[in-house]
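Order of listing sets the numbers, starting from 1, for every ligand and every atom in it.
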Amino acid sequence: MQNVYDQLPFKNIDGGAWKQGFSISYSDTQFSSQPLKVFVVPHSHCDPGWVKTFDRYYSEQTRHILDNMLEKLEAYPKMRFIYAEISFFSMWWQEISVDKQRRVKNLIKEGRLELVTAGWVMTDEANAHYYAMLDQLIEGNQWLLNHIGVIPESGWAIDPFGYSPTMPYLLKRSGFNNMLIQRVHYEVKKYLAEEKKLEFRWRQTWDHSGTTDMFCHLMPFYSYDVPHTCGPDPKVCCQFDFKRLPGGKVSCPWNVPPVPITPQNVADRAEMLLDQYRKKAMLYKNNVVLIPLGDDFRFDKAVEWDQQYSNYQQLFDFINNTPRLNAQAQFGTLSDYFHALHERAGTAVNEVPESYPVLSGDFFSYADRDDHYWTGYFTSRPFYKRLDRILEANLRGAEILYSLAVSYARKLQLANFPEKQLMQPLVMARRSLGLFQHHDAITGTAKDFVMVDYGHKLLSALQNMKTVITESAHFLLVKDRTHYVYSSTRPFFDVDETRSTHDSLPAKTTIVLSDKPVPVAFYNSLSHTRNCVIRLYVNTPHVEVHDPSGNVIVSQVDPFWVSNEEMSSELYKLHFVVSVPPLGLASYSITKTAVGSNHKNTLGSTTFLNSVRKAKLINNAFLIDVFDGKEFSIQNSEMTASFSAATGMLKHVTSKSSNQEVDVALQFLRYGVARTKEKSGAYLFLPDGQAQPIEYNKPFTRVIQGPLVSEVHVIIPNVEHIVRLHNSPGLDSLSLEVSNIVDISKETNKELIMRVISDVQNGDQLFTDLNGFQIHQRKTYSKLPLQANVYPMPTMAYIQDHHKRLSLLSAQSLGVAGLQSGWLEVFQDRRLSQDDNRGLGQGVLDNKRTPTKFRMMFEFLKEDAKSPPNQAAGYPSLQAQLASSELIHPVHVLPVKNPFGSSAQLAPTFQPLSQQLPCEVHLVNLRSLQGDTAELEFIPRQDFGLILQTHAADCSLPTRGLTCPTTAAKITIGSLFEDIRIKEAKSSILSLTRSDEQSISLDTAFELSPMELQALKIKFS
Ligand SMILES: [Zn+2]
């Protein structure tokens, strides 16, 4: 795709009737040898939340659509219908009678109703992480298999605002044969239409063999509504949307209404419509044409079914009975269309036709008209984008630990682990996370009250996942598991943090220490050993920390600040380094000690800059200094980071191991909104020019230093900004942590960004990730407006020259751009007073205090690898990949709720894996599968879904700081786990709906392919 972008002039030339295209002509002979096959595909696009909440859409619209669907498909045997969102469909299914369920199954079996994609939602593809994209696909596809017994074969994504190649990959490996997309930049559509490449084999940029090829149909015109689907002329097509017949609620904006089809006018009308079909067919090969017939929440009234059916069927009958027209038209499903196409192309339905071109890349960033780039939604409502990732980390952590607990309980034949009580909240959390992947949810493009509704669902799921984690951890870590007792009212572990409302920042739980040791457990959901600095809140600065073996370890206590210069005398931040086994648990204990009795406990020293205070002081045993120089620095074993005292901001970093310096300054800036008629909103970013620096002078700054953590706190307008260095034997030492609490709730029409200005000479090239799954090279084009050069950054971006690479790892999805060489800028929040005319009908004014978190990594290329990458795919170094996983999946802190009231003793550690997995292998999920009937929906089955991903790393960067083996991505399934052994493993498609008959060998090393996801269905002995 980048070659296409390099070539295109982006001139936005008026194409006539097809405004963004060109005039299409055909000759009479074009359709004479091979008749034109037309499939009109009725559909209804149901957003699971947008201008109404999910539940209100269901009760007011979707249930009627589905009720009518059943009645009318039965009444009209030639009618067809496709439907996508299982979140709604499953809700309806629960409500209808067993007899109706049977009739729906019949319609599906007969191919009159098709469930397309059948994900929980039609997922956003810019902000969503592949974990959640796959999870919602599994949830929907599993539901469909369990309740109806079918596995979908065609993908349908008409509304996501740009498309990522991660989706065709997930679909391909989930057994899909074909897919359809729609919202692609109008100039790209025009180019692909001219080249007859609107149908293509979508190949992953990293795939050199073509095994990932997915057959994809791209819709050519402006929209998926009826005026833009029958052919190039919307004025004509609108006349064939029979819901718009005069007297109805909707009409045609082109001022020519539809007329009912009668024996008198059918010949004229059919020729008029067929002309549009033929013109559309000219853009594709093989004389088969797909005509979607529908729009948002269509077919909710019985009369619309009658109007569309009877008028279209008359047209079809006329066309089919008029040989000179040489066309065959009918209602069809999406798969009917693809089957006919495959037949014409001479390929089996599950093969990818080789006669179609190969296309690699993605479809970001999307513009639907003019300079209206949909790059605002990469950042809109960042509070919820962060909350999404926090739930994701907790859900994934809960899935894995719960599956282990269930397996241990079964092996030990213990009935005390509450597998049924915890499975239901687990499934509900999958569905809440799934719902939020919808293209108006995680995108931040729903109404305020709809975002609140999502927020409640996310928070409730998050709280439930903390319970699943703490109960599973308690069962697994208790010394004698027969002593474990489940109590929903008196849990053994406390939560690590609480949130008073869905939109408040979390408050960390204070651990109350005394002279008896208080245990705290830690859970590591990653498949390699974690060594990292942990921060807890405690009630005394004088402590002693014991590791699982009982040794006293180094600790650091820092003040808790209640205001700029005032520290709490009741609350302190305790840091120490934990080492937690892969997928395992470790218990540490902390004791309050006498002042100064533990020489391994250090109190952090604080320096104030730009303070009113002029002299040193000692407060509550902490030393506070004042500083009025120009530059100051903090350091750890890896690097020294230097800051400007005038701004409090990072200026440069020196790597100790390579003795190289990187100029890297941070700056906060703002964009305003364009002074044109059209302005920025939830979807669109239309800035008023270059970003302007946030102005301030000599901000109050705190510098806190100690053996484990050193950090700089700066308070500037709109942001509390912290830069932190950890000192541990783990990966957290290799990067600089940057965290912000952003608040622009008092501003007007403002977008806040954090810009990194470095001496990396990357020119116009940068790399950004897609869905945390893969990395693509981007170019900043001067021929495009500023807003076109913004990309989604779900997990990371980097810039690189001949010598070094600067990576920015992100804990949440936000927009990113690299507008000049050496720059990376990340959007932090946007506040916009107006609607941007895409149907939402409001601005974005519900801004909250929003946390954002990043890690900045500096790496130097190997001596013998000094050529700049010039490839479509980029790869992080192995340590950057793992550091990103650690950032997204932090160690879970499990304080004991009532440390002296329980007799259940904790074991020092729990280590389920026989050894850590190779560094290249990421354990995506260990998912308990649901039973295959409605009654068994919340009962875990005997088999589990194990999903692994294999990273491909950039070898031009040296490998550093890793404890896991880096030899090869090979695992021996049979000896993966220590106490619970896998007795059977079958290779499965990613949706876990179909697995091989044959088991894979348990005792030979199983090789995983780079970049691929591998799903296995496993059973423990
Ligand atoms: Zn939609």
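- One finds no salt bridge joining D135 and R430 here, because no Lys/Arg side-chain nitrogen approaches an Asp/Glu carboxylate oxygen to under 4.0 Å.
- For residue D159, an N/O/S atom approaches the Zn ion (ligand 1) to within less than 2.8 Å.
- When atom types are taken as modelled, the side chain of N141 and the backbone of T117 share a donor-acceptor pair closer than 3.5 angstrom.
- Restricting H45 to its N/O/S atoms, the shortest distance to the Zn ion (ligand 1) is reached by NE2.
- Side-chain atoms of Y58 and R63 include no donor-acceptor pair closer than 3.5 Å.
- No hydrogens or angles considered: nothing links the side chains of Q204 and K172 as a donor-acceptor pair under 3.5 Å.
- In summary, no N, O or S atom of D440 is located under 2.8 Å from the Zn ion (ligand 1).
- In this model, no donor atom of one side chain and acceptor atom of the other lie less than 3.5 Å apart for Q437 and D124.
- If you put the vertex on the Zn ion (ligand 1), NE2 of H439 and OD1 of D47 sit 90° apart, to the nearest 10°.
- The Zn ion (ligand 1) does not have H438 among its coordinating residues (no N/O/S atom, backbone or side chain, under 2.8 Å).
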